[in-house]
Amino acid sequence: MLIGFDLKELIKKAEKEGKKVPREIFDVGIAYWLLNPAEEEYTPENLTRKYLGKEFDGSNTAFDDLYNFAVKKLGEYKLEKLFYEVEMPLLGVLADMELAGIKVDAKLLKALDKDLEKNISDLVKIIYQESGETFNINSPKQLSHVLFEKLKIDSSGIRKTKSGSISTDVETLLDIKDRHPVVQYILNYREFFKLHSTYVLPIQELIGKDGRVHTTYIQTGTATGRLSSQNPNLQNIPAFTESPAGKPEISKPIGEDWAFRLRKAFVAEPGYKLAAFDYSQIELRVLASLSGDPKMMEAFNNNLDIHKMTAANVFNVPLEKVTPEMRKIAKTLNFGVIYGMGALAFAETSGLSVEQAKKFIEEYFSDFKNIKEWQEEIKAQARDLGYVSNINGRRRWMPAAVSTSRQEAAGSERAAINMPVQGLAADIIKMAMVKIAEEIDKKNLTDKIRPILTIHDELLFEIKGDIMKEATQLISGIMEGVYELEVPIKVNVKTGKNWGEMTTIVN
DNA sequence: CGCATACGCGCC
DNA sequence: AAACGGCGCGTTTGCG
């Protein structure tokens, strides 16, 4: 067995040199992450200090001690299955995905950047003109000064940041948009500058000699079991919003959608297409399954629109009487429940009064009683045991659940409620990734089907055109069947020549 | 000068 | 003030 730290790097190196790696591997850092996913760093030095109470000296014995302790604890916490059957096999899959990377059309990015820069410089001029001085628009402090002191825009009812200056975030700017013409220009400037500085510029610099960008997946990067992605983070590339299903096109002209232009620059190699598989409502399905809530399970079992069903329940109207506005509130409620949202936050995001918000939350929990009960159980577990765990034993320590600070305890409760849901969804997609990679191997399809991205509930593949249909059926079949919930798991599939222009396909 | 922090914002 | 879970990263600012 290969035992060590950062085995993903080792595997990548070995694969580049055409060498084989043993099938049995044990990444010590990842083992400790399973024991406690909230450590700062999973280095031998840190772990030795914290878990063995001594200094790490780099000796073989020191490594052995770390390994032995981890093995013992994985057993004690019943984490072996997750470790040996999910996280360790996943290591090789992630290594391959990182090596593969995703092809980027540098010309498209360059053209996009040129247009962005033009817009930015035009907007800077206008903003300086409108505000009567030149200043650093990127500085919230300076911007706040210009808006609320120089231009004396009415700031009543606008929140302040914790350092005391008046906030200039999007929400605030939208609130005061009608009070001065400069505000809309600043909103536009922010959008363009963000796209330029966070995405288009850095991604161009990260294009390798192979014309592809290679992210790094951090397997120990979250407290819930998810992966994170860095250098570049390909899990937060702007997404353009499509018009609602069944509705006529009401979105802005597609050619002017900047996120769309950015996504179009992520392309498939000639002869290949991209295929995106996303789990439909995976977290709500998980919640329905874990809580055993009959109404929510029935909705998924009958393949209903879950937000519409929720709306019908909280508004006490038949399904056909649910308006888009009602559905929108229900959708916010559904997501809010996963996140432990309170009445204040719900009021804020939905535009309802706090009174109304409270009413809706009460109504929600009386309609979906099992969800409330399940959440109470999880909160009790966090307080009594000091940790919460998901159904596969994935564990997150919750020392703050018994904090005397109300705020800390409340924050801890929200995290506790969320973890078993987000964590099981993460397990499911990880299991699917492992199984898909095994099948690709078994069927000798490694040159024709390449997994390239994973974005929490979505997998992106590069697939040879001639086997597209078999491939999408194989992949979606595995994703839907890899884990059994109390409700069906559903996957949506889209394909296209690039990441922007993808069309839904029906298998 | 490098570094940590605040602020802001992109995604699921 | 903050107020819904999980992330990574850009720029600015203040500090040593």
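Reminder, nothing fancy here: chain letters follow the sequence lines and each chain counts from 1. Predicted model only: the values in this text are computed from it and were never measured.
- Taking 3.5 Å as the limit, the base of C/dG8 and the side chain of A/N233 contain no donor-acceptor pair of atoms between them.
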Can A/K177 and A/L174 be said to form a side-chain contact (heavy atoms from CB on, under 4.5 Å), step by step? CA-CA 5 Å; A/K177 199 170 50 154; A/L174 287 175; 4.3 Å; yes
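- At the phosphate of C/dG5, OP1 or OP2 sits under 4.0 Å from a side-chain N or O atom of A/R414.
- For the pair A/Q230 CD and C/dG6 P, the computed distance is 19 Å after rounding to whole Å.
- Outside the 6.0 Å centre-distance limit, the rings of A/F240 and A/W258 are not counted as a close aromatic pair.
- Atom CZ of A/F260 and atom P of B/dG10 are 19 Å apart (whole Å).
- Tested against A/R261 for a side-chain contact (heavy atoms from CB on, under 4.5 Å), the candidates A/D115, A/L195, A/V200 yield a single pass: A/D115.
- Within 4.0 Å (heavy atoms only), A/T332 reaches no atom of the nucleic acid at all.
- Side chain A/R190 to base B/dC9: no donor-acceptor pair is found below 3.5 Å.
- Taking 4.0 angstrom as the limit, A/S229 places none of its side-chain polar atoms (N or O) nearer than this to OP1 or OP2 of C/dC7.
- Residue A/Q219 contributes atom CD, which lies 20 Å from atom P of C/dG6 at whole-angstrom precision.
- Closest to the side chain of A/H456, from the set C/dC7, B/dC9, B/dC12, is B/dC12.
- Looking at heavy-atom distances under 4.0 Å, A/R406 makes no contact with the nucleic acid at all.
- Map A/A416 and A/G164 each onto its nearest nucleotide of DNA chain C; the residue landing nearer the 5' end is A/G164.
- Counting any heavy atom pair closer than 4.0 Å across all strands shown, A/V421 reaches no nucleic acid atom.
- When the side-chain nitrogen and oxygen atoms of A/T161 are compared with OP1 and OP2 of C/dA1, none of them lie within a distance under 4.0 Å.
- In this structure, the CG atom of A/N418 is 3 Å from the C1' atom of C/dG5, given to the nearest Å.
- For the atom pair NE2 of A/H145 and NZ of A/K150, the computed distance is 9.0 Å after rounding to the nearest 0.5 Å.
- By the 4.5 Å heavy-atom criterion applied to side chains, A/L94 and A/Q219 are counted as neighbours.
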5'-to-3' dot-bracket of DNA chain C (Watson-Crick, G-U; under 3.5 angstrom; crossing pairs as [ ]; | other strand): ....|||||||.||||
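- The side chain of A/S228 has C/dG8 as its nearest neighbour among C/dG8, C/dG6, B/dC11.
- Within residues 132-152 of chain A, the residues that place at least one heavy atom under 4.0 Å from DNA chain C are, in residue-number order, A/N136, A/N138, A/S139, A/K141, A/Q142.
- In the displayed structure, A/K497 atom NZ is contacted under 6.0 Å by more than 12 heavy atoms of other residues, nucleotides or ligands.
- Closest to the side chain of A/P202, out of C/dG6, B/dC7, C/dG10, is C/dG10.
- Between B/dC1 and C/dG8, the two P atoms lie 29 Å apart (nearest whole Å).
- Between the CZ atom of A/F266 and the C1' atom of B/dC11 there is a distance of 13 Å, rounded to whole Å.
- Proximity of A/T222 to the phosphate of C/dC7: no side-chain N or O atom is located under 4.0 Å from OP1 or OP2.
- Because its NZ or CZ atom is both nearer than 6.0 Å to the ring centre of A/Y77 and within 45° of the ring axis, A/R395 counts as a cation-pi partner of that residue.
- Using a 30° and 60° split on the angle between ring planes, A/Y364 and A/F368 fall in the tilted class, from 30° to 60°.
- What separates CH2 of A/W499 from P of B/dC11 is a distance of 11 Å, to the nearest Å.
- Where A/A410 and A/K160 each meet DNA chain C at their nearest nucleotide, the meeting point lying more 5' is that of A/K160.
- With rounding to whole Å, A/D457 atom CG is found 19 Å from C/dG5 atom P.
- Checked against the 6.0 Å centroid criterion, the rings of A/F360 and A/F315 qualify as a close aromatic pair.
- Counting non-hydrogen atoms under 4.0 angstrom, A/K162 reaches the backbone sugars and phosphates but no base.
- A gap of 31 Å separates the P atoms of B/dC3 and C/dG5, to the nearest Å.
- Using a 4.0 Å heavy-atom distance criterion, A/A223 is classed as a sugar-phosphate-only contact.
- With rounding to whole Å, A/E348 atom CD is found 16 Å from C/dA1 atom P.
- Distance noted for atom C1' between C/dA3 and B/dA4: 26 Å (whole Å).
- Classification of the A/H307-A/F335 ring pair by plane angle, with boundaries at 30° and 60°, yields tilted.
- Listed pair A/S163 / B/dC7 meets the phosphate criterion, a side-chain N or O lying under 4.0 Å from OP1 or OP2.
- Among the heavy atoms of the strands lying under 4.0 Å from A/I237 are primed sugar atoms or P, OP1, OP2 only; no base atom is included.
- Under a 3.5 Å cut-off, the side chain of A/S144 and the backbone N or O of A/I166 do form a donor-acceptor pair.
- On the P atoms, B/dG2 is 29 Å away from C/dC7, given to the nearest whole Å.
- A 6.0 Å sphere centred on NZ of A/K358 holds no more than 12 heavy atoms belonging to other residues, nucleotides or ligands.
- Residue A/G336 is in base contact, counting any heavy-atom pair closer than 4.0 Å across all strands shown.
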